[in-house]
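The next block holds one structure in the form of structure tokens; read it before the comments.
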Protein chains: 2
Amino acid sequence: MNIGAAATQTGLPVKTIRYYEEIGLVTPDRRANGYRDFSAACVEQLRLLAQARHLGFSLEECRRLLALSADEDRASRDVRALAQQNLEAVREKIASLTALEAQLEGLIAQCHGDDAPDCAILDELMGLRGD
Amino acid sequence: MNIGAAATQTGLPVKTIRYYEEIGLVTPDRRANGYRDFSAACVEQLRLLAQARHLGFSLEECRRLLALSADEDRASRDVRALAQQNLEAVREKIASLTALEAQLEGLIAQCHGDDAPDCAILDELMGLRGD
DNA sequence: ACTTTGCCTTCCAGCTACTAGAGGGCTTAC
DNA sequence: GTAAGCCCTCTAGTAGCTGGAAGGCAAAGT
């Protein structure tokens, strides 16, 4: 299968697939004319990559997921641990963004938002140290 | 004031301050020996940068905030609009991360997490298209 | 006077995860 | 034969820094 077909099959852009090969996440065969030739197994790996990236796994985590998926003797515990780790990272991001949201709301509420130049937002940003 | 002092005053790393100069966010004076010399006004700009970055503003948004803070004839409406825009971006990020969290929780719940190799997480990542 | 320490300088490289574009070759249909 | 549409590699750019090399300057100790 050509790279274009692999792209439509997986939803990944062609350039992204080439990049994944460059960093060693997938290793498609090559035909005589130099074109990449993607096996069904290779497309499945790409599909895993697309899904895992979609779920917020980093490429290094994806690399480990691929290794686990290729390992017949894996323990599902290890896969779960990776997912759990990712979940905790996601939760941390949510927590800090939520704190941010509250701070921004507070600032916005204090600012008149009219034609006058005096602005509580700028005052706080420059004057006080909110950390 | 030397860059080191400006760094401790603002909480920004020295390298970051140099970077901000490089991209034209601040323009400290220079002494005869080539050292940067930060005026009080310049340190205030750095403080604004530190705070605004902390609140999730992009550097381009920070640039506009600095321009507004320097403009005596600004309308606080414009500052507010920038903050509002940032708030909405934050909210969008929270929403998509929350969706992610739910998906991950669902996957993790389905996986036994034991010594056996069969794993619902890998199955879903490879087989189905969850998008 | 000399040395050490620590601050300052510039420049180059690298991080994540791509993305855009240049410049070219192959394949297929008309 | 040629035009369209695929494929190839290589370089450089994105955001926002961060680390390190290689060297100059300043203040303090001996």
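Note on naming: letters A, B, ... go to the chains in the order of the sequence lines (proteins, then strands), and numbering restarts at 1 for each one.
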### Separation of C:dA20 C1' from A:Y19 OH (nearest whole Å)
15 Å

#### Entry: Test log, rule salt bridge (charged side-chain N to carboxylate O under 4.0 Å, His left out), inputs A:E21 and A:R18
CA-CA 5 Å; A:E21 185 194 13; A:R18 289 206 194 98; over 6 Å; no

### Query
Roughly how far, to the nearest 0.5 Å, is CD of B:E60 from CD1 of B:I23?
7.0 Å

#### Entry: Separation of D:dC17 C1' from B:H54 NE2 (nearest whole Å)
17 Å

### Query
How close or far is atom P of D:dA15 from atom OH of B:Y20, stated in whole angstroms?
13 Å

### Query
Does a donor on one side chain and an acceptor on the other come within less than 3.5 Å for B:S76 and A:D118?
no

### Task
Check whether any side-chain heavy atom of B:Q84 lies under 4.5 Å from a side-chain heavy atom of B:L87, and answer yes or no.
yes

### Message
What is the distance, to the nearest angstrom, from the CZ atom on A:R18 to the P atom on D:dC10?
### Response
12 Å

### Query
B:R36 has an atom CZ; how far is it from atom C1' of D:dG24, in whole Å?
14 Å

### Query
Does the base of C:dG25 carry an N or O that pairs as donor and acceptor with the side chain of A:Y35 under 3.5 Å?
yes

### Query
CZ of A:R53 versus P of C:dT16: gap in Å, rounded?
11 Å

### Task
Would you indicate what A:R30 reaches in the nucleic acid, counting non-hydrogen atoms under 4.0 angstrom: base, sugar-phosphate, or nothing?
sugar-phosphate

### Message
B:E101 vs A:K93, test: salt bridge (charged side-chain N to carboxylate O under 4.0 Å, His left out). Steps then yes/no.
### Response
CA-CA 11 Å; B:E101 187 189 20; A:K93 274 183 215 149; over 6 Å; no

### Message
In whole Å, I'd like the distance from the CD atom of B:E22 to the C1' atom of D:dT14.
### Response
15 Å

#### Entry: Atom pair distance, as rounded to whole Å: CD1 in A:I23 and P in C:dC15
11 Å

### Donor/acceptor link under 3.5 angstrom from B:K15 side chain onto base of D:dG16
no

### Query
On DNA chain D, nearest-nucleotide positions of B:F57 versus B:N33: which is more 5'?
B:F57

### Summary
With the side chain defined as heavy atoms from C-beta on, B:I3 is closest, among D:dG16, C:dC8, D:dT18, to C:dC8

### Task
Determine: side-chain N/O of A:T16 to OP1/OP2 of C:dT19, distance under 4.0 Å, yes or no.
yes

